[in-house]
Amino acid sequence: MLEPSSTAQADLHGGRSPWGGDGLYRPRVAPLSQSLKTDVLVVGGGITGSLAAQHLAARGVDVTVVDREQPGLGSTAASTAMLQWEIDCTLGELTGFYGFDRAAQLYRHSVAAVQGLAGLVEGLGVDCAFRPRSTLYISAGEAGPSALRDEHLLRLRAGLPGLLLDHADLLSRFGIDRAAAILSPGSADADPLLLSWGLLRNAQARGARLIDAMVTAYHDAPGSVTVETDGLFVIEARHVILATGYVMPDFVRSEIHRTASSWAIATVPQQRGTLWPGDELIWEASQTYNYARTTVDGRIIIGGEDDDTVDPALRDEKMPAKSAKLADSLTTLWPAADPIIDFSWSGAFGETDDGLPLIGPVPGMPRILAAYGYGGNGITFSFMASRILAELCAGHREGWFDTFAIDRPSPAD
Ligand SMILES: Cc1cc2nc3c(=O)[nH]c(=O)nc-3n(C[C@H](O)[C@H](O)[C@H](O)COP(=O)(O)OP(=O)(O)OC[C@H]3O[C@@H](n4cnc5c(N)ncnc54)[C@H](O)[C@@H]3O)c2cc1C
């Protein structure tokens, strides 16, 4: 576990990622110069807090965001920002855990979340290199053509889009030499830092406060929550949303969550016409998978090589070896690539036993709500969290929200 009071943004990632442009779109942050009251206090100004704040502000809620460092420069800056509706657990695995109906419903909510995010970015005109993308889910390791066919059939039964490709189709249409793949529309990619900053700026334009402060203690009372900060002042809120990323306060306990590490590289811009045909998001159908995407300036990003390292220094020490492995994987996947590396980075990564996020009230503290979207779909889940938690703050509850309960047991139990 990452220690909540001492884990800084610098511990959440190392190296350098390609995001944020020249930093011009960074939102302005104010100091906490007096105690204040607000309807909803969002703790954490990464992509999760940004989505929550923007949505609440758009609904006319009085919202305050606090971050103890620079908004966006935590895990969000390390993300590879593949915005997929396909989640880390296949529909088959999720069906094994929770039954077909519930699993299919979750997948459909995930499709709706990416659609919602696309509509939001377009509607607000957020300048964040957002591009609708298809995905190629390619066979790897144990997951060969028959596993992909089973998954594809289950997805069709759930009403999800996608096309099964055999080796010949995949090679002739995409130039990728794997035994099979599922090609699916409806995902996207973006610059996660520009996305987060754009949403925060939009929230600010609608009246949200963005404050530089560290929350040090939470006091949950029947009608409100009062938080202490590292300064002289307190903030009182009707609800608090915890969007602190992989650094969870001690009182948020989940038996199904663990922290790991992940690595990524971005190549130099490739020569025009040498990338795969539709710049699809490519990911492997294996438990710990590698994945690849492109960027608007023609780079290839390839990431993965996940392991259970938690110590930030050890994680960063592994960066040269992990980067070299990722470059090798790229050469195997796409031999035409120029594998010269321009950016190389690492990050803390959270996982749960069922691949689903932790969203909802903290047990015993009904006014404190968690928004922890873990795994390779962190951003899709953050979008879901923003919608679910806004409903909960407004006193509306739907049955499917409980799927993400933070005290749910492991499905393996
Ligand atoms: C290498 C890598 C690749 C990834 N790839 C993808 C991907 O392709 N697609 C995808 O969807 N997801 C991906 N993810 C996951 C995704 O990036 C994360 O889920 C997401 O960035 C988490 O955002 P966040 O806002 O919750 O956390 P953060 O960005 O870490 O923000 C949390 C903020 O809370 C602040 N904070 C913490 N404690 C306090 C406190 N006590 N008081 C005040 N402020 C506090 C921190 O300063 C920080 O700014 C990836 C992650 C990594 C590391």
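Numbers here simply count residues along the sequence, with the first being 1. As the structure lists them, so they are numbered: ligands from 1, and atoms in each ligand from 1. Being a predicted model, the structure only gives us computed values, none of them experimental. As a basis for the values below, the full set of heavy atoms in this structure was taken, side chains included, without hydrogen atoms, waters or symmetry mates.
Distances shorter than 4.0 angstrom occur between a heavy atom of Leu12 and an atom of ligand 1. The shell of residues lying under 4.0 angstrom from ligand 1, judged by heavy atoms, excludes Gly303.
Residue, atom and distance of the protein heavy atom nearest to atom 41 (N) of ligand 1 are Val215 O, 3.1 Å. Atom 2 (C) of ligand 1 has Ala78 O, 3.5 Å as its closest protein atom, hydrogens excluded (heavy atom only). In terms of protein heavy-atom proximity, atom 6 (C) of ligand 1 is closest to Ser79 OG, 3.3 Å. Of the protein's heavy atoms, Thr80 OG1, 2.9 Å lies nearest to atom 5 (N) of ligand 1. Looking only at protein heavy atoms, the nearest one to atom 30 (O) of ligand 1 is Ser75 N, 2.9 Å. In terms of protein heavy-atom proximity, atom 48 (C) of ligand 1 is closest to Asp67 OD2, 3.4 Å. Here the protein heavy atom with the shortest distance to atom 53 (C) of ligand 1 is Ala348 O, 3.1 Å. For atom 12 (N) of ligand 1, the closest non-hydrogen atom of the protein is Gly378 N, 3.4 Å.
A side-chain donor-acceptor contact under 3.5 Å links Asn290 and Glu305. A donor-acceptor contact under 3.5 angstrom links the side chains of Lys318 and Thr309, judged on distance only. In summary, the side chains of Arg315 and Ser261 do not present any donor paired with an acceptor at a separation below 3.5 Å, with no hydrogens or angles considered. Side chains of Arg26 and Gln70: a donor-acceptor N/O pair is present below 3.5 angstrom, by distance only. A side-chain N or O of Ser262 and one of Asp306 form a donor-acceptor pair less than 3.5 Å apart. In this model, a donor atom of one side chain and an acceptor atom of the other lie less than 3.5 Å apart for Asn202 and Gln54. No side-chain donor from either of Tyr98 and Thr403 sits under 3.5 Å from a side-chain acceptor of the other. Between Glu142 and Ser286, the side chains place no donor N or O within less than 3.5 Å of an acceptor N or O (distance only, hydrogens not considered).
If you look at Ala264 next to ligand 1, there are no close heavy atoms at all, none under 4.0 Å. If you look at Ala81 next to ligand 1, the close heavy atoms, those under 4.0 Å, all belong to the backbone. When non-hydrogen atoms are compared, ligand 1 lies under 4.0 Å from the backbone of Ala213 (N, CA, C, O) but not from its side chain. With a 4.0 Å cut-off on non-hydrogen atoms, Val43 touches ligand 1 through its side chain and not its backbone. Here His13 has no heavy atoms under 4.0 Å from ligand 1, in either its backbone or its side chain. Contacts with ligand 1 closer than 4.0 Å are made by no heavy atom of Thr216, backbone or side chain. Only the backbone of Ala243 comes within 4.0 Å of ligand 1, judged by heavy-atom distances. Only the side chain of Tyr246 comes within contact range of ligand 1, with a heavy atom under 4.0 Å; no backbone atom does. Neither the backbone nor the side chain of Phe381 has a heavy atom within less than 4.0 Å of ligand 1. Residue-level proximity to ligand 1 for Asn377 is carried by the backbone, the only part with a heavy atom below 4.0 angstrom.
For Trp345, no nitrogen or oxygen atom sits less than 3.5 Å from a nitrogen or oxygen atom of ligand 1, counting backbone and side chain alike. Residue Ile379 has at least one nitrogen or oxygen atom sitting less than 3.5 Å from a nitrogen or oxygen atom of ligand 1, judged on distance alone. In terms of N/O distances under 3.5 Å, ligand 1 is approached by Thr48. Polar contact check, Ile47 against ligand 1: a nitrogen or oxygen pair lies under 3.5 Å apart. Of the polar atoms of Met82, at least one N or O is found under 3.5 Å from an N or O of ligand 1, judged by distance alone. Of the N or O atoms in Trp263, none lie within a sub-3.5 Å distance of an N or O in ligand 1. Ligand 1 has no N or O atom lying under 3.5 Å from any N or O atom of Ser262, backbone or side chain. At least one N or O atom of Arg68 sits closer than 3.5 Å to an N or O atom of ligand 1.
Arg253 forms no cation-pi arrangement with Tyr372, by the criterion of a distance under 6.0 Å to the ring centre and an angle within 45° of the ring axis. Cation-pi contact between Arg102 and Phe100: absent, since separation from the ring centre below 6.0 Å together with deviation from the ring axis within 45° is not met.
Heavy-atom proximity to Tyr291, at under 4.0 Å, picks out these atoms of ligand 1: 3 (C). Against a heavy-atom cut-off of under 4.0 Å, Gly245 is close to the following atoms of ligand 1: 26 (O), 27 (O), 32 (C). Within the listing of ligand 1, atoms 33 (C), 34 (O), 35 (C) sit less than 4.0 angstrom from a heavy atom of Gly44.
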For a salt bridge (charged side-chain N to carboxylate O under 4.0 Å, His left out) check, start with the C-alpha distance between Asp212 and Arg68, then their side-chain angles and the critical distance, and finish with the verdict.
CA-CA 6 Å; Asp212 176 14; Arg68 63 187 179 188; over 6 Å; no
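No donor-acceptor pair under 3.5 Å is formed between the side chain of His239 and the backbone N or O of Asp39.
In this structure, Arg133 has no side-chain hydrogen bond (donor to acceptor under 3.5 Å, both in side chains) partners at least two apart in sequence or on a different chain.
Within 6.0 Å of CD on Glu391 lie more than 12 heavy atoms contributed by other residues, nucleotides or ligands. At most 12 heavy atoms of other shown residues, nucleotides or ligands fall within 6.0 angstrom of atom OH in Tyr25.
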Less than 3.5 Å apart, which donor and acceptor atoms pair up between the side chains of residues 43-53 and the rest of the protein, not counting sequence neighbours?
unit_1 : atom_1 : unit_2 : atom_2 : d
Thr48  : OG1    : Ser382 : OG     : 2.8
Ser50  : OG     : Gly46  : O      : 2.6
Ser50  : OG     : Ser196 : O      : 3.4
Ser50  : OG     : Ser196 : OG     : 2.8

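Partner of His109 under the ring pair (Phe, Tyr, Trp, His ring centres under 6.0 Å) criterion, chosen from Trp400, Phe383, Trp85, Phe381: Trp400.
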